[in-house]
Amino acid sequence: MFIPLKTDETWIEIHDSIDSTNTLAKKRAIEGVGDCYTVVAESQSMGRGRNGRSWHSPPAVNLYLSMVLNINQAAAGIATLMGAVAVMNSVKQLCPRPELVQIKWPNDVLIDGKKIAGVLGEFLSERPDCCVLGIGMNVNANISDLPDSPRWPATSLSIHLGGDLDRNTLLSSLLSELRSLRGTLESDRDSILEQVRKNSATIGRTVVLDSQNSGTIKCKAIGIDKDGFLLLQGPEGKMTVVAGDVDIVQDNGYY
Ligand code: BT5
């Protein structure tokens, strides 16, 4: 059970069980809540990922939250990356080997190559000046709490670190990272992008781009540009990926 945080209680709404924190945060955004308003839940019955995928959300072991950001469209491209950086920074503080915590473009946080968190940025047609940033983080999940056949190998912080963590402390640290990065999103997006580049699990790797026009193409990830888009060297030259699915080819050849 979450206990209310000591500070800023007014902007955090906490639920035991909910369909999706992103769905409720979108509703709150339309109702006109302020910047950084956050919805947190102990479990989700319809937690979602990108492109219609689902997010496995067992009760009382992980973190599921969504933050409303009143941001202009120019900052939209890096909002998801900002969420990933916030998760990464909170997790690095807990890890004896922080270099193992990396971002897999555009929305996954990995620890020692396995996914511990995913970020879902969604925009609202009703409020084009607004983004809802959803974060799911595997904290105290044990192996049986993880999804059966995830797209990418999954783990939790407790599995990696070998002991359970206080989720309230982690939530507090994550919210303060998010609010601090939020403060720089429009004024100093380069510092966010630099953190993504420095801690990227994608740059330098062979990736497979699922292109709607030309099927799958194998490329090398060569960088992340000033808008947060992925730069690829493909068989026919350089390409910029704005969104969509890019899978890293794993050591065993699978992607
Ligand atoms: C994501 O999508 O990684 C974004 C996940 C965002 C979830 C949060 S929870 C709070 C908020 N409210 C919501 O409804 N959503 C957000 P994507 O890159 O599409 O990855 C989804 C894929 O990850 C799935 O198809 C599974 O293979 C895998 N997966 C599902 N649950 C997982 C988990 N708990 N841990 C690791 N992998 C998981």
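First listed ligand is number 1; within each ligand, the first listed atom is number 1. Along the sequence shown, residues carry numbers from 1.
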Problem set entry | No-hydrogen, no-angle side-chain donor-acceptor test under 3.5 Å, N138 and K115 |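 No, because no side-chain N or O of N138 sits under 3.5 Å from a partner of the opposite role on K115.
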Exercise. Which ILVMFWY residues can you reach from I159 by hopping between side chains whose heavy atoms are under 4.5 Å apart?
Worked result: I143, L146
Exercise. In the hydrophobic clustering that connects Ile, Leu, Val, Met, Phe, Trp and Tyr at side-chain heavy-atom distances below 4.5 Å, which members other than V61 occupy its cluster, ordered by chain and number?
Worked result: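 When side chains under 4.5 Å apart are linked, V61 ends up in no cluster with other residues.
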For this session: Could you tell me which residues satisfy salt bridge (Lys or Arg N to Asp or Glu O under 4.0 Å) with D129, sequence neighbours excluded, listed by chain and number?
Result: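 R127.
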Exercise. Salt bridge check: are D190 and K226 linked by an N-O gap of less than 4.0 Å?
Worked result: no
Exercise. What residues sit with at least one heavy atom under 4.0 Å from ligand 1?
Worked result: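 Residues near ligand 1: S20, T21, N22, Q44, G47, R48, G49, R50, R53, S54, W55, H56, L65, S66, N107, D108, K115, G118, V119, L120, G134, I135, G136, N138, P147, P150, R151, A154.
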Exercise. Hey, does the Lys NZ or Arg CZ of K104 hover above the aromatic six-ring of W152, less than 6.0 Å from the centre and inside 45° of the axis?
Worked result: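 Judged by the rule (NZ or CZ under 6.0 Å from the ring centre, within 45° of its axis), K104 counts as positioned above W152.
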